[in-house]
Protein chains: 2
Amino acid sequence: MNKLNLHISVDCVVLAYDYPQLKVLLIEREAVNGIDTKLHKLKLPGHLIYEREDFDVSARRILFEHTGLENIFLRQLGVFSDPDRLNPPIDLEWAKKTIHEDLNRVVTIAYFALIQLKSVNRTPQTIWHPVDDLPELIFDHNLIIRRALRHLRDEMRSKPLCFQLLPKKFTIRQVFEVYKVILGISIDKSNFRRKLKHLTFLVPLNEKEKDVSHKPAQLYRFDKKLYGKYEKGRNEIIF
Amino acid sequence: MNKLNLHISVDCVVLAYDYPQLKVLLIEREAVNGIDTKLHKLKLPGHLIYEREDFDVSARRILFEHTGLENIFLRQLGVFSDPDRLNPPIDLEWAKKTIHEDLNRVVTIAYFALIQLKSVNRTPQTIWHPVDDLPELIFDHNLIIRRALRHLRDEMRSKPLCFQLLPKKFTIRQVFEVYKVILGISIDKSNFRRKLKHLTFLVPLNEKEKDVSHKPAQLYRFDKKLYGKYEKGRNEIIF
DNA sequence: TCAAAAGTGTTCTGCGTACACCCATGG
DNA sequence: CCATGGGTGTACGCAGAACACTTTTGA
């Protein structure tokens, strides 16, 4: 029998690009008898873990339940272990009633996932909320999201994460938009183009944009194998 | 009362540069009645956590116990949650006898610390072992160290981690050596010099190397504040 | 024929790379 | 005066920044 471990949970920050915004997947907290259901707080998708489950597997299970997706881009973000993180008290009350168990301390392992919004099964409980101006979430979930965004911004600069947020076929402009909105910086469009065109792992397709009221753009795909080679060829030391 | 949590431990990978090698801090596993003491296996410094302790605090406590150092450069590396990580069985036996408790599953939060070897209190139980050709350690500690090294190599390229491994006053050559040994690459010496000289956050001191049988080198220090400014001024997108 | 975005060209500057060379010190 | 490493100079090429310009489409 595989029972719940009452000390450890997994929470997932699932991010998606919904032009022109970056959005995060939130879940409406279920109402529980005895807790004021007026408090429609939101939370990250997550759950206590099972005794015999690797956390990466737990995270994938949770993601599948809420999005219908498998093979998601997933990274461990880190552990949130503040002994007082199960605050405010009403949130803790809710959690106890939901799982029908007493809880003392729960540490959570935060995960970080990137998906393409189009491929998701949308369900009534899931809310895709812009990452700017988030409401107050339960526990320390606001903090976890902030940490995830910082991680994303950092890693975007040196790794090809953006392609996880875009469809398989994309235009340079789409990449450009993703960079602008996530990093919050202005970039010279034509230099950005030129730069991307010289990246060997971006393969131009025999296909162009359709149904647009301007010159249709070249479509590209990201080639993981070629990226591997490209990455090996680099040995810059930058600070 | 603050009791042990039998589900979660903290392990620390403490790295130091001992010319010309990178070394990791290991602890000799204590002998326990009923376990063959011939098995002189080594382990990372670490321990089960206390119920009301933030893990960062646990890690610092452990590091202080083994090195006498406070204010260490410390980062969370990640969680190791394989349900079968407490293998081989003899290691699990040893752990149970040591803490006088039964153990089912323990997940560990791995931390990553960089220190200057000179400033450490050396004690008889602590062993500084070269990171190449490590012996077989208990549990998954070899895996944890590999992960730590990967992390170090990655982060070295974009962050000024090397200065955590060097004394406060250092020469360009020392930085050069650290990079060479950790990244395992060959670098053009004179270009490396030039590059470092242009970094605004490396401040030349009114002091030179002493007692060397060659031209004494300029000493520098790393200025954290200046680095902060330097970092803000960068907004490269690199892939 | 106009708006909108694709895509090209040009100039300047700075940085990485490769490599030759001179300088200071202890033995 | 030699070995050792510190430190400078030069020349080339590529890549980023800034910005003007041309092209292709739908409406």
Side-chain angles (χ1 to χ4, degrees), chain A residues 19-20 156-158 160 166-167 169-181 183-221 230-239, chain B residues 17 19-20 156-158 160 166-167 169-181 183 185-221 230-239:
Chain A
Y19 177 83
M156 285 264 298
R157 293 178 173 279
S158 56
L166 290 171
K169 302 172 182 182
F170 53 83
T171 67
I172 292 184
R173 154 154 283 259
Q174 286 176 295
V175 183
F176 180 70
E177 297 286 350
V178 167
Y179 267 91
K180 264 205 318 191
V181 68
L183 296 183
I185 57 178
S186 66
I187 313 171
D188 183 285
K189 196 177 58 149
S190 58
N191 291 327
F192 188 84
R193 297 196 92 72
R194 204 190 327 276
K195 169 146 199 174
L196 287 225
K197 288 193 77 168
H198 291 152
L199 294 176
T200 53
F201 53 83
L202 290 188
V203 184
L205 301 168
N206 290 324
E207 215 175 328
K208 302 214 165 195
E209 242 181 338
K210 277 173 187 165
D211 304 317
V212 287
S213 74
H214 56 261
K215 179 172 173 179
Q218 178 64 243
L219 287 169
Y220 292 83
R221 69 179 176 83
Y230 170 86
E231 201 183 18
K232 274 189 194 164
R234 291 192 306 163
N235 55 350
E236 315 145 43
I237 303 160
I238 302 182
F239 288 99
Chain B
Y17 178 64
Y19 177 83
M156 284 265 298
R157 292 177 174 279
S158 57
L166 291 170
K169 301 172 181 182
F170 53 82
T171 67
I172 291 183
R173 155 152 281 259
Q174 286 176 295
V175 183
F176 180 70
E177 296 288 349
V178 166
Y179 266 91
K180 264 206 317 194
V181 68
L183 296 183
I185 58 178
S186 66
I187 313 170
D188 183 286
K189 197 177 57 148
S190 58
N191 292 326
F192 188 83
R193 298 196 91 72
R194 205 191 325 275
K195 169 147 198 174
L196 288 226
K197 289 194 76 168
H198 292 151
L199 295 177
T200 53
F201 53 84
L202 291 187
V203 183
L205 301 168
N206 289 323
E207 216 175 325
K208 301 215 165 193
E209 242 181 338
K210 277 173 188 166
D211 305 317
V212 287
S213 75
H214 56 264
K215 180 172 173 179
Q218 177 65 242
L219 287 169
Y220 293 83
R221 69 180 176 82
Y230 170 85
E231 200 183 20
K232 274 190 194 164
R234 292 191 305 163
N235 55 350
E236 314 145 44
I237 302 161
I238 301 182
F239 288 98

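This is a predicted model, so every value here is computed, not measured.
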Would you say that [X] contacts [Y] through its side chain, given a criterion of any heavy-atom pair below 4.5 Å between the two side chains?
X        : Y        : answer
B:Ile185 : B:Tyr179 : no
B:Leu196 : B:Phe176 : no
A:Ile237 : B:Leu183 : yes
B:Pro167 : B:Gln174 : yes

Working to the nearest 0.5 angstrom, can you tell me the gap between B:Gln218 CD and B:Leu205 CG?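 Spacing of CD (B:Gln218) from CG (B:Leu205) equals 7.0 Å.
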
Say you draw a straight line from CZ of A:Arg157 to CZ of B:Arg234; how long is it, rounded to the nearest 0.5 Å?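 It comes to 8.0 Å.
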
Going by the side-chain contact (heavy atoms from CB on, under 4.5 Å) test, name the single residue among B:Arg193, B:Glu177, B:Lys195 that passes it with B:Ile172. B:Arg193

Treat primed atoms plus P, OP1 and OP2 as sugar-phosphate and everything else as base, then score nucleotides 3-13 of chain C 5' to 3': B for base contact with protein heavy atoms under 4.0 Å, S for sugar-phosphate contact only, - for none. -BSBBBBB---

Calculate the interatomic distance between [X] atom [atom1] and [N] atom [atom2]; express it in whole Å.
X        : N      : atom1 : atom2 : result
B:Phe192 : C:dC15 : CZ    : P     : 16 Å
B:Leu199 : C:dC15 : CG    : P     : 10 Å
B:Arg234 : C:dC15 : CZ    : P     : 13 Å
B:Lys210 : C:dG26 : NZ    : P     : 12 Å

DNA chain D: 5'-most and 3'-most nucleotides touching chain B, 4.0 angstrom heavy-atom criterion: D:dT4 to D:dT10

Should the ring pair A:Phe170 and A:Tyr220 be called parallel, tilted or perpendicular, given that the plane angle runs from 0 to 90° and is split at 30 and 60?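 Rings of A:Phe170 and A:Tyr220: parallel, as their planes differ by under 30°.
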
